[in-house]
Novice: 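Dropping a structure here in structure tokens format, bear with me for questions.
All values below were derived from every heavy atom in this structure, side-chain atoms included, with hydrogens, water molecules and symmetry-related copies excluded. Numbers here simply count residues along the sequence, with the first being 1.
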Amino acid sequence: MRIATPGRRAASIAARGVGHPRLKKYSQSFVLTFLATALLAGFLSPLLRSATLSIKDTQQINTLGAPIYPADPEKFVYNGRSLDVYQVPIDGTVRNLALVQGGRSSGQFVDPLNPGAGVITWQGSYRALSPAWVLAPHPENYSNAWDLINFPRLLFNTVVIALIGMIGTLLSCTIVAYGFARFRFPGRNLLFLLLISTIFLPATVTIVPTYTTWLWLGALKADIGYLAWAPLLVPTFFANAYDVFLMRQYFLTIPREMDEAAAMDGAGPIRTLVSVILPQAWPVVIAVGIFHFIYSWNDFFGPLIYLGGKPDLQPLALGLQQFNAIRAVREPGLIQASTIMTLLIPVALFVLFQRVFTRGIVITGVDK
């Protein structure tokens, strides 16, 4: 007869628990959460570094061995003098001491926590010591960048260009996608195939002819004011294949019976689009709007070609590049501060419309 001892009983329970469904589920959940957190941390690490640099002083950024957090070299006022504080090893411990007088082989220090104790003599060269740092963020980098880069003007230009382009894209792409999704006409499939094939056309192929056309139309003259934005805004009112495809696929998921019901009530095609289709298609409309807004916000090549000689009309992407070319080496903190300010509006838009945006992208993949 086999007697179950407490040790054997515990081992048996542990053996049965290894394959327990709940334990297995928790293990898988932990692994997935860990991997997702690691990937998210790696993805956000450049942004975190940029945010940290934006509130650092230039001296700290250019100092070897400086801490990763925003800090300034620690100072201590002693007898009317501002003294540098160093990390001094004494009696097996490291203490923050202010340098009163330094020499090649010895230095005289004073303890900032107890200056009345007198001067402490340390044998060694103070130049081999590491300076002490104190937490000191510099949010003034943002205000300085705001003034130096003329940020309000660049922000105004960027917002206006992005909003007008977004309106043009939504109007044109909605009409074209509605036509392909709801109307039957000869050559519809062929025309849609030709439209989609333009996605594979490299943008570099059309640069020269497009530039030549706008030059012939006079849009590159120096004295036309805001009309210089025409090469960036007019094309948005003629639709694009990518956004048309997204909207068409979403429109196909809306039952045609609703169109027929609207027609029986006397609604025409435009009325059906406005009153039946669009109220159910807000997710894809918002998704396309955010897509174009962020594209226009980050566009650098177009403004560089058409607005390179017009500083008062340039958007943030071009203005930041020129600002970076002047101050990247001397004041990197200002560059990072201006970059963070530029990111705020696109990130805020994505956070506010995240659910609707995701729904618009997911549903466009439904087979119809």
Side-chain angles (χ1 to χ4, degrees), residues 41-90 93-113 120 122 124-155 298 300 304 311 314 316-344 347:
F43 179 77
L44 295 179
S45 58
L47 181 61
L48 179 61
R49 181 177 182 274
S50 180
T52 304
L53 285 175
S54 68
I55 53 177
K56 284 185 178 181
D57 184 64
T58 304
Q59 179 182 357
Q60 180 190 1
I61 297 175
N62 296 330
T63 300
L64 185 64
I68 60 175
Y69 58 87
D72 284 341
E74 187 176 352
K75 301 287 185 180
F76 176 68
V77 179
Y78 181 71
N79 292 337
R81 297 169 54 194
S82 179
L83 306 179
D84 296 326
V85 179
Y86 292 88
Q87 297 177 354
V88 183
I90 295 179
T93 60
V94 178
R95 300 169 58 185
N96 290 348
L97 302 179
L99 177 64
V100 178
Q101 183 177 0
R104 293 183 178 180
S105 59
S106 64
Q108 294 181 345
F109 297 85
V110 65
D111 189 354
L113 300 179
I120 301 173
W122 178 77
S125 175
Y126 76 95
R127 298 183 185 276
L129 299 174
S130 299
W133 298 86
V134 60
L135 179 65
H138 291 270
E140 66 273 8
N141 286 344
Y142 287 89
S143 59
N144 294 337
W146 180 280
D147 297 331
L148 292 173
I149 201 177
N150 194 11
F151 201 88
R153 182 64 184 181
L154 296 178
L155 181 63
N298 296 327
F300 171 77
L304 177 64
Q314 294 175 357
L316 279 168
L318 189 55
L320 283 180
Q321 188 273 338
Q322 297 177 353
F323 185 65
N324 184 30
I326 299 174
R327 298 180 177 270
V329 178
R330 295 181 299 168
E331 297 173 298
L334 298 182
I335 301 299
Q336 300 302 327
S338 57
T339 302
I340 294 296
M341 289 190 294
T342 305
L343 288 174
L344 290 179
V347 171

Novice: Just grab all the salt bridge (charged side-chain N to carboxylate O under 4.0 Å, His left out) pairs involving residues 127-149, residues at least two apart or on different chains.
Specialist: none
Novice: Sequence neighbours excluded, which residues qualify as ring pair (Phe, Tyr, Trp, His ring centres under 6.0 Å) partners of Phe76?
Specialist: none
Novice: For Gln101, what residues pass the side-chain hydrogen bond (donor to acceptor under 3.5 Å, both in side chains) criterion, not counting sequence neighbours?
Specialist: none
Novice: So, the side chain of Gln60 versus the backbone of Pro67: is there a donor-acceptor pair under 3.5 Å, distance only?
Specialist: yes
Novice: List for me each residue that meets side-chain contact (heavy atoms from CB on, under 4.5 Å) alongside Ala132, sequence neighbours excluded, and say none if there are none.
Specialist: Glu74, Val85, Gln87, Asn96
Novice: Ignoring hydrogens, what is the shortest heavy-atom contact between Leu129 and Pro89? Give both atom names and the distance.
Specialist: CD2-CD, 3.8 Å
Novice: With sequence neighbours excluded, what pairs up with Asp72 under the salt bridge (Lys or Arg N to Asp or Glu O under 4.0 Å) test?
Specialist: none
Novice: State which residues pass side-chain hydrogen bond (donor to acceptor under 3.5 Å, both in side chains) with Arg49; sequence neighbours excluded, sorted by chain then number.
Specialist: none
Novice: For the residue pair Leu97 and Ile90, establish whether any side-chain heavy-atom pair is separated by less than 4.5 Å.
Specialist: yes
Novice: Can you see which heavy atom on Ala337 is nearest to which on Tyr142, and at what distance?
Specialist: O-CE2, 3.5 Å
Novice: Report, as yes or no, whether the 6.0 Å neighbourhood of atom CG on Leu344 holds more than 12 heavy atoms from other residues, nucleotides or ligands.
Specialist: yes
Novice: Donor-acceptor pairs under 3.5 angstrom involving side-chain atoms of residues 103-111: please list them, not counting sequence neighbours.
Specialist:
| from | atom 1 | to | atom 2 | distance (Å) |
| --- | --- | --- | --- | --- |
| Asp111 | OD1 | Leu113 | N | 3.1 |
| Asp111 | OD2 | Arg95 | NH2 | 3.0 |

Novice: Could you list the residues that satisfy side-chain contact (heavy atoms from CB on, under 4.5 Å) with Pro70, not counting sequence neighbours?
Specialist: Thr52, Ile55, Lys56, Pro137
Novice: If the condition is side-chain contact (heavy atoms from CB on, under 4.5 Å), which residues does Asn298 pass it with, not counting sequence neighbours?
Specialist: Ile294
Novice: The criterion is side-chain hydrogen bond (donor to acceptor under 3.5 Å, both in side chains); which residues satisfy it with Gln336, sequence neighbours excluded?
Specialist: Ser50
Novice: Considering only heavy atoms from C-beta outward, does the side chain of Leu320 approach that of Ile335 to under 4.5 Å?
Specialist: no
Novice: I'd like to check the side-chain hydrogen bond (donor to acceptor under 3.5 Å, both in side chains) partners of Ser338; sequence neighbours left out, ordered by chain and number.
Specialist: none
Novice: Tell me which donor-acceptor pairs under 3.5 Å the side chains of residues 77-84 have, and how far apart each pair is, sequence neighbours excluded?
Specialist:
| from | atom 1 | to | atom 2 | distance (Å) |
| --- | --- | --- | --- | --- |
| Arg81 | NH2 | Val100 | O | 3.1 |
| Asp84 | OD1 | Lys75 | NZ | 2.2 |

Novice: Got Ile120 and Val88 here, is their nearest side-chain heavy-atom distance under 4.5 Å?
Specialist: no
